There are 2 protein chains.
Amino acid sequence: MAVAGQRVSIFDVAKRASVGVGTVSRVLNGREGVSAATRKRVLAAIDALGYHPSRLASGLSRGRSDAVAVVVPFITSPSVVVRLEGILEVLDNVGLNTVLYSVGNRQQRDRHLGVLGDRHEAAGVIVVSIRLSRQHVERFSAVGTPLVLVDTRVAGVPSIEVDNREGGRMAASHLLGLGHRSFGFIGDIDRKHLGFSSSSERLEGFSARIAEAGIDPSRIAVRSGIHSAGEAAVLAASILELVEPPTAIFAASDTQASGVLSYLKSKGLTAPGDLALIGFDGLEVSALLGITTVAQPLFESGVRGAQLLLQLLAGEVPDPGELVLPLRLLPRSTTVSGASIEPVSRSP
Amino acid sequence: MAVAGQRVSIFDVAKRASVGVGTVSRVLNGREGVSAATRKRVLAAIDALGYHPSRLASGLSRGRSDAVAVVVPFITSPSVVVRLEGILEVLDNVGLNTVLYSVGNRQQRDRHLGVLGDRHEAAGVIVVSIRLSRQHVERFSAVGTPLVLVDTRVAGVPSIEVDNREGGRMAASHLLGLGHRSFGFIGDIDRKHLGFSSSSERLEGFSARIAEAGIDPSRIAVRSGIHSAGEAAVLAASILELVEPPTAIFAASDTQASGVLSYLKSKGLTAPGDLALIGFDGLEVSALLGITTVAQPLFESGVRGAQLLLQLLAGEVPDPGELVLPLRLLPRSTTVSGASIEPVSRSP
DNA sequence: TAGGATGCTGGAAGCGCTTCCAAGCATGGG
DNA sequence: CCCATGCTTGGAAGCGCTTCCAGCATCCTA
């Protein structure tokens, strides 16, 4: 055991095993060229001293850390969490250390990305949902740190995305097909200025499709607020209090759709009878509540992103570097009355 | 801008500003004893070169990093995420860098905790939900790294917890009060062996209270599986297929309760008519679905934990070092028929 | 048997920062 | 006019590791 207050260094291990520090380093890194007997002595010393190598020193000396950095926006949205699960699933499996950097505002973003790009503090970096400038990206490519984007993109950088405009169109088509002609939209505001654009892109696609159907898109009742179910409930109220409320609402996320549904229930209203409702994401909560949604492969986006990074780390050049994953419309009971109810599935 | 492939060091900045590295360091760390003119020259050089100090080097040199490490179990449960939000809320506000270490198994746990405790790679550490051994803790106290536990505890270490046994008792009392006499329990298995014990503690309290009511607790239909809604649905099926199914089920978490409810709906059954259902945690999903639950202050646990750490970092000794937060039973429509439905609230 | 290969090993240099000490330079009091 | 005092400043040492080179056995080959 380590003596209280004393930090054990590679030097102590070397002394105890009667070898040089170089040899200890070789053992630590599983490099060959160390006899079995010596290796055993070193391992015994490490064990006896309770030694842990300093990641700082090794990273500094090597010029790069061996951890993977994942930069995520302040984890406030369930969709980010699911993506993260996918990323960790892959990275954990191959035994890579993963460090998460949570970004709550632009300042934090620039600091973290600056350091991660400028210095080699990570073997590779995955950025989730945060919009990067070309400058940010150039830093990474200049020093050769592999970079992968999930749910965001910059030309020329490997990324995983969905087509949010297409998703908006799908939602509109579904509602139009059901005969709806008046619409509301509940989206979120990028208050932290991190460049979140999916909400507005979804609205764009939605509006475009509505226009194609010959309906004036400026008549869509658009409301935006912070991304939360509670806020969405309030926004829903404001829409339903209109003189001529729409017959259908498209919420930019399932979280927001669930807030709308909760508001309806509290007023004794039902979907789709009083209001048709469609969300986005395909979160588990939408299945539990029976909310129709445009589902995107969140978990898979994380998995693919991590796999892309592994390829880059292995020196390969991923072929379809910029991947667009497919969306699926899941019709459920908030738009189609009498839709069959399925239990949530066992696998995520 | 930095020249491609070239890393800019403090030395380059010093040269450009025609000062010594010591002076640059002083400027970087906002230390006084630098004339305004010199400071301005240094800042200009930093800007011109696009310089970012290396956290590795500064951490190594200083003997400690200035970031706060938060160790969380592989983010699989929404409750952990909410706690994390609370932690980040506080830490972000005071401008502390936060780095998350995700732990998926014992090996990872020991590696991360070993390094964080042994070396000074973090100014302070918050561990969420993972059980620590006395040995782990001693490492931290030996080197003097502040440590705070959230949702787990070790005697003598500042921590934030709830009384899970008491929560189990509250659930039992509620169901007993409604006249139920036969029970099922759906909990989770600590498959990763990270020492999660809340599920079993909740069962203990539940059983104890049942026994006090004169009912043989061994007759509780206990089922356990991995922590997910889907798995809980399967376990619920196995309980309801019993020859004499219970009239009420206590699920160890809201996530699991939501799975049970989803199963009921898919079978055309209702709560509490066919089965009374109570969950645990007070997640938003329980409000959305109207599930009765034993609510714990998740967000607040994170906030308090972070505040505790800030106190320790400031050198203060927190007075009630080991905090037990209160639980609240929220009766909703899965146990009390006709319970009023409230919209989800605006604030989290 | 000698000369070169080969396999292990020790340890110095260097990664980029902080910190501390000594030194330079004004300034003010005596 | 001289020296003590207080600011600023430069830069060497050291944090703990990796890496590379040189040194030493040992082994193989001709």
Side-chain angles (χ1 to χ4, degrees), chain A residues 2 5-42 45-46 49-67 114-116 118-123 143, chain B residues 2 5-42 45-46 49-67 114-116 118-123 143:
Chain A
Q6 278 295 340
R7 261 169 284 170
V8 184
S9 83
I10 198 173
F11 187 78
D12 302 308
V13 175
K15 202 158 57 181
R16 171 144 187 155
S18 313
V19 299
V21 291
T23 302
V24 177
S25 175
R26 268 163 237 140
V27 172
L28 284 174
N29 296 291
R31 224 172 293 278
E32 53 187 39
V34 179
S35 73
T38 308
R39 181 179 302 270
K40 182 175 278 180
R41 274 220 318 288
V42 171
I46 288 174
L49 295 171
Y51 167 74
H52 289 272
S54 155
R55 292 158 169 163
L56 295 183
S58 110
L60 176 59
S61 174
R62 212 190 308 250
R64 59 159 52 256
S65 156
D66 59 352
V115 175
L116 286 172
D118 198 34
R119 338 282 344 181
H120 283 200
E121 293 202 3
V143 299
Chain B
Q6 280 294 341
R7 261 168 285 171
V8 184
S9 81
I10 197 172
F11 187 78
D12 302 309
V13 176
K15 203 158 54 181
R16 171 148 189 148
S18 312
V19 299
V21 291
T23 302
V24 177
S25 175
R26 268 163 237 139
V27 171
L28 284 174
N29 296 290
R31 225 171 293 278
E32 51 187 41
V34 180
S35 72
T38 307
R39 180 180 304 271
K40 182 174 279 182
R41 272 218 321 287
V42 171
I46 288 175
L49 295 170
Y51 167 74
H52 289 272
S54 155
R55 292 158 169 161
L56 294 183
S58 110
L60 177 59
S61 174
R62 212 190 308 249
R64 60 159 55 253
S65 155
D66 59 351
V115 174
L116 286 171
D118 197 33
R119 338 284 342 184
H120 283 198
E121 293 201 3
V143 299

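What you are looking at is a predicted structure, and each value in this text was computed from that prediction instead of being measured. Every chain is numbered from 1, with letters handed out A, B, ... down the list of sequences.
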Peer 1: I'd like to compare against my own output: the B/S/- annotation of nucleotides 23-28 of chain D with a strict under-4.0 Å heavy-atom distance to protein.
Peer 2: ------

Peer 1: Got a donor-acceptor contact below 3.5 angstrom from the A/D12 side chain to the A/V8 backbone?
Peer 2: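 Pair absent, no side-chain N/O of A/D12 close to backbone of A/V8.
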
Peer 1: Which value, rounded to the nearest 0.5 Å, describes the distance between A/S9 atom OG and A/K15 atom NZ?
Peer 2: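 Rounded to the nearest 0.5 Å, the OG-NZ separation comes out at 8.5 Å.
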
Peer 1: Which pair of heavy atoms, one from B/S54 and one from B/A57, lies closest together, and at what distance?
Peer 2: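 Minimum heavy-atom contact is OG-N, 3.0 Å.
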
Peer 1: Say whether, by atom type as modelled, one donor and one acceptor occur between the side chain of A/R7 and the main chain of B/G63 under 3.5 angstrom.
Peer 2: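 Yes; judged by distance alone, with no hydrogens or angles, the pair exists.
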
Peer 1: Compare all side-chain heavy atoms of B/L28 with those of B/Y51 and state whether any distance is below 4.5 angstrom.
Peer 2: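 Yes, their side chains come closer than 4.5 Å.
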
Peer 1: Is a donor on one side and an acceptor on the other found under 3.5 Å between the side chain of A/E121 and the backbone of B/R55?
Peer 2: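 Confirmed, A/E121 side chain pairs with B/R55 backbone.
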
Peer 1: Testing the basics here: between A/L60 and B/L60, what is the closest heavy-atom pair and its distance to 0.1 Å?
Peer 2: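 Closest heavy-atom pair between A/L60 and B/L60: CD2-CD2, 3.4 Å.
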
Peer 1: Distance under 4.0 Å to a non-hydrogen atom of chain B counts as contact; along DNA chain C, which nucleotides mark the start and end?
Peer 2: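 Answer, 5' to 3': C/dG16 to C/dC20.
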
Peer 1: If you take any heavy atom closer than 4.0 Å to DNA chain C, which residues from residues 19-29 of chain A end up in contact?
Peer 2: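 A/V19, A/G20, A/V21, A/G22, A/T23, A/R26 - these, ordered by number, are the residues of the stretch whose heavy atoms sit under 4.0 Å from the strand.
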
Peer 1: Taking all atoms of both residues into account, what is the closest heavy-atom pair of B/V24 and B/A14, and its distance?
Peer 2: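 Shortest heavy-atom separation between B/V24 and B/A14 comes out as CG2-CA, 3.7 Å.
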
Peer 1: Without placing hydrogens or testing angles, list every side-chain donor-acceptor pair under 3.5 Å for residues 34-41 of chain A, not counting sequence neighbours.
Peer 2:
from, atom 1, to, atom 2, distance (Å)
A/S35, OG, A/T38, N, 3.3
A/S35, OG, A/T38, OG1, 2.7
A/R39, NH2, A/R31, O, 3.3
A/R41, NE, A/A17, O, 3.0
A/R41, NH2, A/A17, O, 3.1

Peer 1: Return the minimal non-hydrogen interatomic distance between B/A67 and B/S65, and the atom names on each side.
Peer 2: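 Closest approach of B/A67 to B/S65: N-OG, 2.9 Å.
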
Peer 1: Output the residues of residues 52-65 of chain A in contact with DNA chain D, where contact means a heavy atom of the residue under 4.0 Å from an atom of the strand; sort by number or write none.
Peer 2: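 Result for residues 52-65 of chain A: A/P53, A/S54, A/A57, A/S58, A/S61, A/R62, sorted by number.
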
Peer 1: If an axis is fit to five pairs at each end of the helix from C/dT1-D/dA30 to C/dG30-D/dC1, what is the angle between the two, to the nearest 10°?
Peer 2: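 For the helix from C/dT1-D/dA30 to C/dG30-D/dC1, the axes at opposite ends meet at about 50°.
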
Peer 1: Is any side-chain heavy atom of A/L56 closer than 4.5 Å to a side-chain heavy atom of B/R64?
Peer 2: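 No, too far: nothing below the 4.5 Å cut-off.
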
Peer 1: When you compare the side chain of A/I10 with that of A/P53, does any pair of heavy atoms fall below 4.5 Å?
Peer 2: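 With C-beta onward as the side chain, the pair stays apart.
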
